[in-house]
Amino acid sequence: MTSSLIRGRSRRGRSHISVRVAHAVVGGLVGVVWLVLPGMTISGGGTVAGGPDRPVAGAREQGESAGNAQDGESSATDLVLPVAVLVAAGLLASFGFMRRRRRARDRTTPSGAQVRAAEPPTAELDERARAALVEADDSVRVSAEELAFVVGRFGVGDAEHVEPFTRVLREARGELAVAFRMRRQYEGGVPDEPAARRHALAGIVGRCEEVGRLLDGQAAAFDQSRGLEEGLGGGLGHALVVAEGRFRELTWRTGGAGTVLSELGERYAASATAAVAGHVEQAKDRLVFATTQLNHARQAADSGDNERAGGRLRAAEGAIAQAAVFIDGIERLAGELSTAAAMVPAALTGSEVEIAGARDPAGAAYLDIPAGELRSRVAHADATLAGVREELASGRRYDPLDLLRRIVRGVGPVVAGRAGVLPAAAVVCARSAVGGADDVVATHRAAVGGEARTLLAEARRLLAPPVPAPAGRGPRAELADLVSADALGRQAHHLAEQDVRLHGHPGDGASHDISGLTGAVLGGILLPADGPPPSFGGPRTRARRPSTAA
């Protein structure tokens with residue numbers, strides 16, 4: 001089908017030719033009129049004023065004859081100009097027509113169809129946007145990990161060394177959040193027009209490229225601040241001390257985390273600790289890799305090979321950071337389970353208050369729900385509370401977060417804000433879900449794709465309170481956002497783990513990998529093709545060697 005752009009150009013081309021032909025015709029008519037008018041004037045001028053029956057004197061006849069001769073000469077002269085105009089108009093029209101044909105034949109500018117043919121298909125642009133999101137997210141995560149070691153060396157209060165990188169990382173996170181939001185809307189069918197959807201995909205890619213540009217722009221300054229090329233007497237020596245200190249701390253905490261996990265398994269149902277099952281083993285795996293890299297870094301620094309020492313150090317720092325994620329996840333979950341267990345009785349009481357209010361006519365009017373639907377919601381909320389009470393009374397081990405989640409979801413449809421405990425319970429559930437999903441992405445970023453990351457980003461957005469809060473948002477809307485954040489976080493966790501299973505888990509064949517190399521590759525600590533470990537920066541610089549940051 002001919003595009004509108006091409007059709008428009010063809011019509012314009014034909015219209016230009018038509019205009020030129022019309023100009024030629026008009027010029028010809030003007031010339032004809034100009035030729036005819038003098039002839040009419042001459043024939044009219046031959047009539048004698050006195051008439052044929054009133055002869056004039058001989059002198060007068062001679063004067064008139066002379067005058068008529070002069071008029072004939074003037075009329076002949078007047079013929080030259082219109083003929084010249086007619087010829088010029090014809091020449092101009094012919095010249096314009098030939099020039100137009102030559103341009104159409106020799107034109108090298110692509111037409112509208114050629115431009116669209118050069119553009120990538122929507123499916124290809126979609127895949128490019130997915131890859132750009134993953135790459136930008138990885139760049140932000142790696143930059144944050146290495147920045148934490150810089151903060152450990154200089155301290156949070158040293159604004160001269162830390163603040164520029166903290167600021168650019170914050171800006172990059174803001175751009176990435178917008179890109180993830182656009183992706184989430186795109187997957188939800190917004191916008192719906194094909195051209196607008198392509199524009200949205202291009203916008204996602206552009207935002208991700210801006211993330212890379214921001215981080216790439218600070219890579220050289222970051223390397224200069226770290227000073228890893230200065231050797232043991234400078235920045236490299238200080239960085240090794242910080243990394244080794246964190247390594248020893250995590251080694252001690254890993255044993256304690258194993259004890260905590262065993263205690264949680266004895267106190268709660270198996271589902272309560274399923275999200276952190278295997279965390280201790282994976283933390284040990286990362287620490288084994290870290291100790292190997294630290295030893296190599298020391299040896300390289302002692303021999304004066306500072307570039308090699310810096311690369312080994314960065315690999316060790318990445319492994320240490322991910323080991324900390326595993327251990328922090330166990331300790332965080334222990335606190336969340338304890339908080340949820342203590343909150344369940346209060347949530348039951350608050351839910352009864354909300355249900356009683358919903359049965360009240362004034363409360364029903366506030367909820368603005370049809371009477372039949374309200375009765376159905378109240379009945380469902382009652383049944384949910386009854387099921388929770390029954391599980392508590394059974395004496396079996398239970399999952400406090402699961403009970404709290406059931407209460408919030410069962411009673412949420414009739415909440416009018418009478419009891420503040422339900423939003424607080426929803427926050428506990430949502431934070432637990434988002435934190436668990438984020439841990440999987442952070443420690444398995446080489447395997448986790450864009451879909452899980454997009455859901456995780458949306459869950460974070462809903463969990464964070466808007467500043468300032470939009471007018472007219474009541475407790476029901478806030479609770480709905482928290483419930484959605486919880487659901488999206490759990491879904492992101494599931495998809496991330498599915499990606500890891502498809503990619504291969506570091507525990508598979510662990511007996512053949514005593515150095516922790518498999519886990520390091522899966523965690524994105526080492527890049528493919530035996531390149532240097534990723535570092536602070538965007539796609540252009542994050543796989544650099546310290547001496548090539550500029």
Side-chain angles (χ1 to χ4, degrees), residues 135 138-139 141-154 161 165 212 215-216 218-251 284-324 443 445-446 506 512-550:
E135 186 176 52
D138 282 348
S139 297
R141 289 178 181 276
V142 172
S143 299
E145 287 177 0
E146 191 172 4
L147 181 59
F149 284 92
V150 175
V151 172
R153 174 188 172 187
F154 295 108
H161 291 92
F165 312 118
L215 296 175
D216 284 333
Q218 288 293 325
F222 188 85
D223 283 350
Q224 184 178 3
S225 177
R226 294 212 70 180
L228 297 184
E229 70 281 355
E230 296 173 5
L232 290 176
L236 179 60
H238 290 295
L240 278 169
V241 169
V242 172
E244 289 168 346
R246 291 195 64 184
F247 172 81
R248 287 190 294 270
E249 175 195 356
L250 281 171
T251 301
K284 291 178 179 178
D285 181 79
R286 299 297 195 276
L287 290 176
V288 167
F289 179 81
T291 190
T292 302
Q293 297 301 311
L294 286 173
N295 289 336
H296 287 318
R298 277 286 178 187
Q299 294 170 4
D302 289 338
S303 64
D305 189 352
N306 296 336
E307 180 178 327
R308 182 169 176 266
R312 296 287 191 172
L313 172 63
R314 277 174 161 152
E317 289 174 342
I320 291 170
Q322 292 191 11
T443 55
R445 59 174 176 257
H512 303 289
D513 181 26
I514 60 175
S515 64
L517 181 62
T518 306
V521 173
L522 184 58
I525 298 170
L526 296 179
L527 295 177
D530 197 26
S535 54
F536 186 102
R540 186 174 60 84
T541 61
R542 73 187 187 100
R544 70 191 179 278
R545 301 185 186 278
S547 59
T548 61

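Treat the numbers as computed from the prediction; the structure is a model and nothing was measured. Here, residue 1 is the first one in the sequence, and each next residue gets the next number.
Put simply, the side chain of Q299 does not reach to within 4.5 Å of the side chain of D305, judged on heavy atoms. For the pair R312 and L294, the minimum side-chain heavy-atom distance is 4.5 Å or more. Proximity of T291 to T251: side-chain heavy atoms (C-beta onward) are nowhere separated by under 4.5 Å. At least one side-chain heavy atom of L228 sits under 4.5 Å from a side-chain heavy atom of L313.
Pairs engaging residues 222-243 under the ring-ring contact (aromatic ring centres under 6.0 Å, His included) rule: F165-F222, F222-F536 [sequence neighbours left out].
Q293 contributes no side-chain N or O that, together with a main-chain N or O of A315, makes up a donor-acceptor pair within less than 3.5 Å.
Counting all heavy atoms, side chain and backbone alike, S143 lies closest to L215 at OG-CD1, 3.8 Å. Of all the heavy atoms in I320 and R246, the pair that sits closest is CG2-CB, 4.0 Å.
In this structure, E145 pairs ionically with R445, as a charged nitrogen and a carboxylate oxygen lie closer than 4.0 Å. At a threshold of 4.0 Å, the pair E317-R226 counts as salt-bridged, since one of the basic side-chain nitrogens sits closer than that to a carboxylate oxygen. In this structure, R542 does not pair ionically with D216, as no charged nitrogen and carboxylate oxygen lie closer than 4.0 Å.
Checked against ring pair (Phe, Tyr, Trp, His ring centres under 6.0 Å), F289 has no partners two or more places apart in sequence or in another chain.
To the nearest 0.5 Å, the span separating CD on E244 from CZ on R248 amounts to 6.0 Å.
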Task: R544/E307 under salt bridge (Lys or Arg N to Asp or Glu O under 4.0 Å): CA gap, chis, key distance, verdict - done: CA-CA 11 Å; R544 70 191 179 278; E307 180 178 327; over 6 Å; no
